[in-house]
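Notes to accompany the following structure.
Naming convention: chains lettered A, B, ... in sequence-line order (proteins, then strands); numbering from 1 in each chain.
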There are 4 protein chains.
Amino acid sequence: MSLNKVQLIGNVGKDPDVRYLDNGVAVAAFPLATTERGYTLANGTQVPERTEWHNIVLWRGLAETAEKYVHKGDKLYIEGKIRSRSYDDQNGIKRYVVEIFGDNMEMLTPRPVAGGQPQQAASQPQPSAPVQPARQADAAEDLPF
Amino acid sequence: MSLNKVQLIGNVGKDPDVRYLDNGVAVAAFPLATTERGYTLANGTQVPERTEWHNIVLWRGLAETAEKYVHKGDKLYIEGKIRSRSYDDQNGIKRYVVEIFGDNMEMLTPRPVAGGQPQQAASQPQPSAPVQPARQADAAEDLPF
Amino acid sequence: MSLNKVQLIGNVGKDPDVRYLDNGVAVAAFPLATTERGYTLANGTQVPERTEWHNIVLWRGLAETAEKYVHKGDKLYIEGKIRSRSYDDQNGIKRYVVEIFGDNMEMLTPRPVAGGQPQQAASQPQPSAPVQPARQADAAEDLPF
Amino acid sequence: MSLNKVQLIGNVGKDPDVRYLDNGVAVAAFPLATTERGYTLANGTQVPERTEWHNIVLWRGLAETAEKYVHKGDKLYIEGKIRSRSYDDQNGIKRYVVEIFGDNMEMLTPRPVAGGQPQQAASQPQPSAPVQPARQADAAEDLPF
DNA sequence: TTTT
DNA sequence: TTTT
C-alpha cells in the first residue's frame, strides 16, 4: 500500500567509500549531485542554477560494482528509496541524515575501450556478476495467452 | 546503460486471466485503464477525457497474488517494463502487441475488514509470500559510516 | 543532464498547513508516511515493518488543492523532487531538513458520493483549476506521421 | 486518480523526423532502443540480450530541441506517457501503434567542446529555450514554515 | 534502427 | 563534493 521511490541522474562527488560488515556484506557510500538549470521568471527575476547533494548508499553486489567501476565525476542513474536515520555526532548531539538506498544503478559515463583507441560509443565494464538484483526469467518463456 | 520503466496507477478492466506453464510458473494477464482528465485549451478547444488501456502481464509470485487478490474494478499501482511481441492471429496475420511486464504491484483499493465494520484505513490482504521480489536485507544492518 | 525525481504513495499524517506568501502564492506542507512491510531473512532474522516520514511541500495550485481536499489519513500519490535546506532553530543551532517539493499529486482515497450511497468507484473531487501544471495540447492534434 | 508514466534511458535509432503542423506546432518522432543484458538462469539456460524499440513522439519546444540536438546514436533520458493509436495502412488494414509521448528529455551523450579539444566532461548544448516545460518559481521563494 |  |  506504499511506494517510496527515488530516481536520480547526477554526478558522483567523491570516490565511493566502501566498507565490509563483519558478515562480509559490502556497503558503499558516496555523494551524488543533481543540478537544476537556472531560469528567468516572467517578472525578470533570475533564479540561479541549484545543486542538490544526495547521500547514496549501496549494498552487496551494487556496492562491489561501485567499488570497482564508480569514480568521482562519473554520471550515474540511481534508483532506490529515501531512508532517514539519526546518529549522535562527536559532540553527542543527535543528528539526522537522509540517505538514498539504491537498488538499481546504471553507469552513464562512457568508458574508453581497453587497448583500443577511445571512441564515442565506448564499451562499458561488463561485470561477471549482474549489476541488478535477481530478475525473473520472464524472457525465457513463451506467453500462454 | 539502459532503463525501461513504466509506472501506472489505474483500474483493472477484467479479472486476471491466470495460467500455469508446464514448469509450474504462474502468469497473469489483465487490462488496466489509466484516464487523463479532459481540459480546455487557451483557444477554447475542449480536449476530452481519454482512457488508455494497458496489457499487464505478471509472473510467478506476483501472478499468484493477482489470482488471489486482484479483481475487476480494483485500483492498482503497477511498476514494470514495456515489452513488445508479435504473434500470428487466427487468420495467419502477424499482429503486434505491447505489454507491461510488471515487477512490483501495490493494491490501492481498500478492503473491508473481515467480520468487522468497514473503516477508512482498512486492512489489505497480507499474503504470506511477499508481493515484491527478493529484497536486500539492508534494514537489518547498522551502517558502518 | 540531471534528474531528481521522487514518487511516493503514502498516508497523510496531518492536515496540510497552508500559508500564503505576500505575493499571494500558496504553500502547503504536511507529512506523508510510507511503510515497508516487515520480512524474515534467510537466517531467520525478523526485519520489522518500517515507516518513513516525508516532509511534503506543495506550491500554488497544488497547495490550494491540498487545502481543499487533502486530509489527515488520506492516501496520496506525490511526485516531485528532493530539496534540502537549512535554517536556524530557536536555539540558534543550524538545522537541516529534507523536503519533497511535489509537482504532481493524485488522491487515492475514494470519496463518498455527495448525497448518494457510497460505492466502489466513488467520484473524486473535480477542482475547477486542474490539479496538474500546464499540459501540452498533444491530445488535440492528429499526428503528421 | 491515474498515473501513466514511462521513463527510458536508451539510444536513438535514427535522426528525429520533425514536422510542423499548420498551426506551427513542431512534432518530432524517432525510435529509441533500450537493451536488457542477457543472463544465465539457475538451470543453465542462457537468456540472450534483448532490445526493445520505443516510438518516441515529442511536441513543441521539446520537438524543436530534438531537431537541433538529438542525433542517431545519442543516449537520452525520456520521460512521458504511453499512448496507443490506430491508423489505416496503405492496404487499408487497421494498424495499431504504441508511442511514448515525451514531456521531459535529458541528453546523456557528452558533446565535444566547440573549438576546444574534446574532453571527458564535455559541455552540453545550452538551448536558449529551456528543454523542460514551465516550472514553478519555487526556488525563488523562502518557505514560510 | 541504437548501444554495450 | 560533481557536472554543464
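- Residue D:W53 and nucleotide E:dT1 are classified as a stacked aromatic pair, their ring centres being separated by less than 5.5 Å at an interplanar angle below 30°.
- Rounded to an integer number of Å, the gap from A:L8 CG to F:dT2 P is 18 Å.
- A straight line from CZ of A:R37 to C1' of F:dT4 spans 9 Å, rounded to a whole angstrom.
- Among the nucleotides F:dT4, F:dT2, F:dT1, the one closest to the side chain of A:E49 is F:dT4.
- Between A:H71 atom NE2 and F:dT1 atom P the separation is 19 Å, expressed in whole Å.
- In this view, D:D17 and D:R19 satisfy the salt bridge (charged side-chain N to carboxylate O under 4.0 Å, His left out) rule, not counting sequence neighbours.
- A donor-acceptor pair under 3.5 Å is absent between the side-chain atoms of B:N91 and the main chain of B:I93, judged by distance alone.
- Nearest-nucleotide mapping onto DNA chain F: of A:P31 and A:K75, the residue sitting toward the 5' end is A:P31.
- Taking the side chain as every heavy atom from C-beta outward, D:M107 and D:L76 approach each other to under 4.5 Å.
- For C:D88, there are no salt bridge (charged side-chain N to carboxylate O under 4.0 Å, His left out) partners, not counting sequence neighbours.
- Taking atom CD on D:E52 and atom C1' on E:dT4, their separation rounds to 17 Å, with Å as the unit.
- Look at CD on D:E36: it is 18 Å from P on E:dT4, rounded to the nearest Å.
- Following rounding to the nearest Å, D:I9 (CD1) and E:dT3 (P) show an atom-to-atom distance of 17 Å.
- When the P atom of E:dT2 is taken as reference, atom CZ of D:R50 falls 17 Å away, rounded to whole Å.
- A:L108 places its CG atom 12 Å from the P atom of E:dT4, with the value rounded to the nearest Å.
- When heavy atoms are screened at a 4.0 angstrom cut-off, A:T51 is found touching base atoms of the nucleic acid.
- For A:N11, the listed nucleotide lying nearest its side chain is F:dT3; candidates were F:dT1, F:dT4, F:dT3.
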